[in-house]
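Read the structure below first, then the notes.
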Amino acid sequence: LSNVLANAFKFTPDGGTVRVSVTRTEDAARIAVNDNGPGIPATEVGLVFDRFHRAASTAGAHPGTGIGLALARELVVLHGGAITVESEEGFGSTFVVTLPTGSAHLLPAQIVDDGAAAPWTPRAAPSLAAAAPALGDPALAPVVGAADDDDVTTVLVVDDNAEVRAYVARHLAPPYRVLEAADGQEGLELARRHLPDLVLSDVMMPVMDGYALCRALKADPDTDFVPVILLTARAEAEDRLTGLTEQADDYLTKPFDVRELRARIANVIATRRRLRERYSGTLARASFNPVATDLVPADRRLLEQVRAAIEANLGDEDFTVERLAGLVAQSRGHLHRRLRDLAGESPSDVIRRMRLERAAQMLDAGAGSVAEVAYAVGFRSVAHFSNAFQAIHGTRPSAWRRRSLAAQATYPAPPVPAPGSRTV
């Protein structure tokens, strides 16, 4: 019913009329949705319920996927009913849904008894202005889940259908923080601002479609590391090939099983994080400089133990102050006081700084993209890593990486002497 109504509103011009009538016969309910829009050409009437079919006369003016009416028919048939259309070009259309009443037409396995139906009570319609932010302002994009400064994996959902966005967000948060965008252009601005760990995008959208969004993300050195999963109603091989050609990391067709969606998202993110095992511990040790210069052997030994414990766990995103205290045989409170006195920092500050110093080393060495480095030093969120990196080093990791690569190109490393040769 939502789809049929949405079509009627979409195709009826300003000042037009949409009428809904519900009648009941002895054994069926009849719902009719009538509009006085442009109507459907006679050659198209018999095709409107075919999947992916869109009338040539309206395809350009009214973007869509051609899947809504096909899905509506499938749902009606599942309930033992029928959906029909009558239309005259220039005079509007009438869609009629007929559903048998009762449950005699259903199999026992098709019936779920949730108890007595709650009595219906009217409710006031929500204010659209208050309920939804302006689509053109990325700063007001809905955020579901943790706060933006938390180290939580972030997924950006880009879809022009608000119901799809809400459905996906409801099933992803938690454990993910979810950002929402209503078209590709808004999604691109949000991606550049928040640096999500993954982008989940519809393909067919106004302003900028999913292919263009994927292409823009992969062409920008500040976002080229962000994996992209494309969602589309088109399942043909050519459509899938187009998505993969645009460097999409995965492809999922609508309608989709939310369990499969969550599994695909987890797999893509896990693949990126497995790079942590490749890069962790491969570079020089991070520095750990105490404030006090004249240290007794016991204090120096403690600092060395703390440094060694953090070094061994830099890539572990679950490494906590409690675990650090246990590894150096201290209580959390005692370790906090001693590090404050000896290093001028709390244990959590020491862990974060050593991770970010290691990250700078890795970026200098060209050891992976920004996202790969972030996961390699134990961050769950690329955005949180980028903010923390800037707070310590005064610049974004992407800018640091570009500067290091430029310096290497200008001043390449000297050649390695051949065995047995002498250097003068």
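Computed from heavy atoms alone, side chains included, the values below leave out hydrogens, waters and symmetry copies. Along the sequence shown, residues are numbered consecutively beginning with 1.
- A donor-acceptor pair under 3.5 Å is absent between the side-chain atoms of His171 and the main chain of Ala166, judged by distance alone.
- In this structure, CG in Leu78 is found 10.0 Å from CG in Leu106, a value given to the nearest 0.5 Å.
- In this structure, CG on Leu179 lies 12.0 Å from CZ on Arg165, to the nearest 0.5 angstrom.
- A heavy-atom distance below 4.5 Å is not found between the side chains of Val158 and Asp183.
- Using a 4.5 Å heavy-atom threshold, the side chains of Thr84 and Phe95 count as separate.
- Here the side chains of Ser381 and Arg177 are in contact, with some heavy-atom distance below 4.5 Å.
- Atom CG of residue Asn313 and atom CE of residue Met354 lie 10.5 Å apart, to the nearest 0.5 angstrom.
- The CG atom of Leu261 sits 9.0 Å away from the CG atom of Asp257 when rounded to the nearest 0.5 Å.
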Between Asp349 and Arg353, does the side chain to side chain contact (heavy atoms under 4.5 Å, CB included) criterion hold? Intermediate values first, please. CA-CA 6 Å; Asp349 290 338; Arg353 180 171 59 79; over 6 Å; no
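- You'll find the side chain of Phe385 reaches within 4.5 Å of the side chain of Val377, heavy atoms only.
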| Evaluation steps, salt bridge (charged side-chain N to carboxylate O under 4.0 Å, His left out), between Glu260 and Arg264 | CA-CA 6 Å; Glu260 180 183 1; Arg264 287 179 181 266; 2.8 Å; yes
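- Annotation: side chain of Val228 is not in contact with side chain of Gln247 (no heavy-atom distance under 4.5 Å).
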Point to revise | Tyr375/Asp197 under side-chain hydrogen bond (donor to acceptor under 3.5 Å, both in side chains): CA gap, chis, key distance, verdict | key: CA-CA 10 Å; Tyr375 299 144; Asp197 298 278; 2.8 Å; yes
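- A distance-only check finds no donor-acceptor pair linking the side chain of Thr154 to the backbone of Leu195 [under 3.5 Å].
- Looking at heavy atoms from C-beta onward, Phe11 lies out of side-chain contact with Asp35 at the 4.5 angstrom threshold.
- The closest side-chain heavy-atom distance from Ile31 to Leu1 is below 4.5 Å.
- Side-chain contact between Val157 and Tyr167 is absent, with no heavy-atom pair separated by less than 4.5 Å.
- The closest donor-acceptor contact from the side chain of Glu189 to the backbone of Glu186 lies at 3.5 Å or more, if one exists at all.
- Although no hydrogens or angles enter the test, the distance criterion places no donor-acceptor pair under 3.5 Å between the side chain of Thr223 and the main chain of Val226.
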Between Arg380 and Thr153, is a side-chain hydrogen bond (donor to acceptor under 3.5 Å, both in side chains) present by the stated rule, with each step listed? CA-CA 5 Å; Arg380 289 186 173 90; Thr153 303; 5.8 Å; no
